[in-house]
Amino acid sequence: MIIKKMKGLPENFLWGASTSAYQVEGANLIDGKGPSVQDIKTVPKGTSELDVCSDFYHRYKEDIALMAEMGFKTFRFSVAWSRVLPEGTGEVNPKGIEFYSNVIDECLKYGIEPLVTMFHFDLPAALEKRGGWSNRDSVDWFYDFAKILFENYGDRVKYWLTINEQNMLTLVGDVIGTTDMTGVTNKYKKLYQENHHMLLAQAKVMHLCHEMVPGGKIGPAPNISLVYPATCKPKDILAAQNYNAIRSWLYLDMAVWGRYNNLVWKFLEERDAIPEILPGDMEIMEQAKPDFIGFNYYNTATVEWDDGTGVAVAGDQQTGVTEPGMYRISGNPNLTRTEFGWEVDPEGFRSTMREMYSRYHLPMIVTENGLGAHDKLTEDGKIHDDYRIDYLRRHIEQIKLAVSEGVEMMGYCPWSAIDLVSTHEGVVKRYGFIYVNRDEFDLKDMARYKKDSFYWYKKVIETNGEDLSN
Ligand code: BG6
């Protein structure tokens with residue numbers, strides 16, 4: 001659709017940006033924090049450990065002041081479960097409770113609405129030892145953890161996100177460092193049982209939020225990308241439907257409707273991987289209602305038909321992995337790529353928003369979107385990241401178009417507020433508006449510098465997205 005009459009973004013649009021605890025905080029075993037699965041994993045070769053990261057734990061005041069300077073209306077951050085509950089259950093760590101309470105107060109001091117992700121890739125290691133999400137008890141573990149969060153922060157935090165990228169935990173958990181396949185004979189059985197427990201835990205926590213938090217709003221935060229067929233061959237269309245279902249609709253159909261997607265169900269049946277569902281589970285999920293959908297978008301995916309001979313070459317959140325007999329990842333020759341090989345597709349962002357809205361009719365907030373790059377600090381303390389400005393501008397333009405088409409968008413939180421450690425490609429893959437002066441292994445002085453994108457985003461926020469010029 002060629003749009004001539006633009007609508008403009010809502011007045012209370014939540015401009016902000018995102019981080020996650022294990023990637024930004026550091027202080028990973030300090031002040032009573034227990035280890036998480038991220039602290040006990042072997043980090044990919046050539047990348048830094050997660051013990052210091054951006055040292056947000058000690059510098060959150062300075063960092064939030066910079067976010068306030070940009071004019072943030074919201075800040076999306078996650079709570080490290082094992083900082084609050086070092087063993088995952090049981091004894092609460094008062095220093096952990098205090099830390100997030102301080103972060104929340106610091107945000108509120110500047111009128112920044114905290115948007116809290118309850119779980120972002122960092123299950124307490126103690127729970128992993130007890131079987132992690134494979135253990136049915138994980139539903140109660142997460143529920144009890146959520147209760148502590150609502151009790152302590154529910155008076156000040158209105159917006160909650162349950163689980164970050166549950167779909168990526170299932171699809172590429174090995175790359176993110178969350179999946180242990182030792183001794184597993186049927187990976188699908190394990191992964192989709194874990195997935196069922198997470199879906200149930202999420203549903204119970206959505207109920208709980210509505211009971212405990214006055215005016216509280218809660219939603220999921222999967223990574224959603226529309227999947228394109230590589231050609232208009234009918235079989236490629238089927239392949240794209242398969243991947244759309246496996247990658248995205250499974251998670252949103254469950255969160256919104258409490259219904260297993262039929263294509264995914266068949267896929268699981270074929271792989272002898274139907275999860276064990278106890279009486280009452282489906283009712284809980286059907287009755288749980290998110291108030292909005294949070295979603296991370298980096299790019300679309302493109303697939304072709306696979307006759308069962310495709311090879312599942314390792315891939316990550318955005319490059320994807322071929323699923324023999326369902327779809328084969330093919331890449332899209334019409335798109336450019338970032339220097340880390342991720343395709344860039346702003347228009348695909350719009351089609352993703354359109355598709356999501358036409359399926360679920362819920363308000364949506366972008367909880368991640370951004371460009372990882374090797375930024376350079378110049379001698380005079382500048383970072384000229386015009387490529388990031390260009391990426392973000394092109395994506396914001398598409399939000400404006402989607403809003404003009406009637407899609408309800410509540411806010412935009414790109415990844416990331418500040419440089420942090422990538423899931424598997426180290427510190428050098430930078431995303432932030434704020435540069436952190438450290439290298440992969442040399443911590444330097446960790447000083448903060450404002451990138452060119454910092455000043456640009458400030459102006460975007462000031463004009464509520466009207467002025468996107470550089
Ligand atoms: C998302 C995650 O998948 O993408 C973040 O929610 C992550 O944790 C972000 O950092 C960017 O991915 P990467 O692999 O470049 O860090």
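The basis for the numbers below is simple: all heavy atoms, side chains too, and nothing from hydrogens, waters or symmetry mates. The first residue in the sequence is number 1, and the count goes up from there. In each ligand, atom 1 is the first atom listed, and ligand 1 is the first ligand listed. Predicted model, so just to flag it, every value in this text is computed and none were measured.
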Checklist outcome for this item: Contacts of Trp15 meeting side-chain hydrogen bond (donor to acceptor under 3.5 Å, both in side chains) (sequence neighbours excluded), chain-then-number -> Asn464
Item to check | Name of the residue among Thr19, Leu14, Leu115 meeting side chain to side chain contact (heavy atoms under 4.5 Å, CB included) with Cys413 | outcome: Leu115
Checklist outcome for this item: Across all chains, not counting sequence neighbours, the salt bridge (Lys or Arg N to Asp or Glu O under 4.0 Å) partners of Arg271 are Glu323
Next on the checklist: Strictly distance-based, threshold 3.5 Å: is any side-chain N or O of Asn296 a donor or acceptor partner for the main-chain N or O of Glu368?
Outcome noted: yes
Next on the checklist: In terms of relative ring orientation, are Phe119 and Phe142 parallel, tilted or perpendicular, with 30° and 60° separating the classes?
Outcome noted: perpendicular
Checklist entry - Hey, which residues fall under 4.0 Å of ligand 1 on heavy atoms? => result Gln23, His120, Phe121, Asn164, Glu165, Asn296, Tyr298, Gln317, Trp342, Glu368, Trp415, Ser422, Thr423, His424, Lys429, Tyr431
Checklist entry - Among all residues two or more places apart in sequence or in another chain, which pass the side-chain hydrogen bond (donor to acceptor under 3.5 Å, both in side chains) test with Asn242? => result none
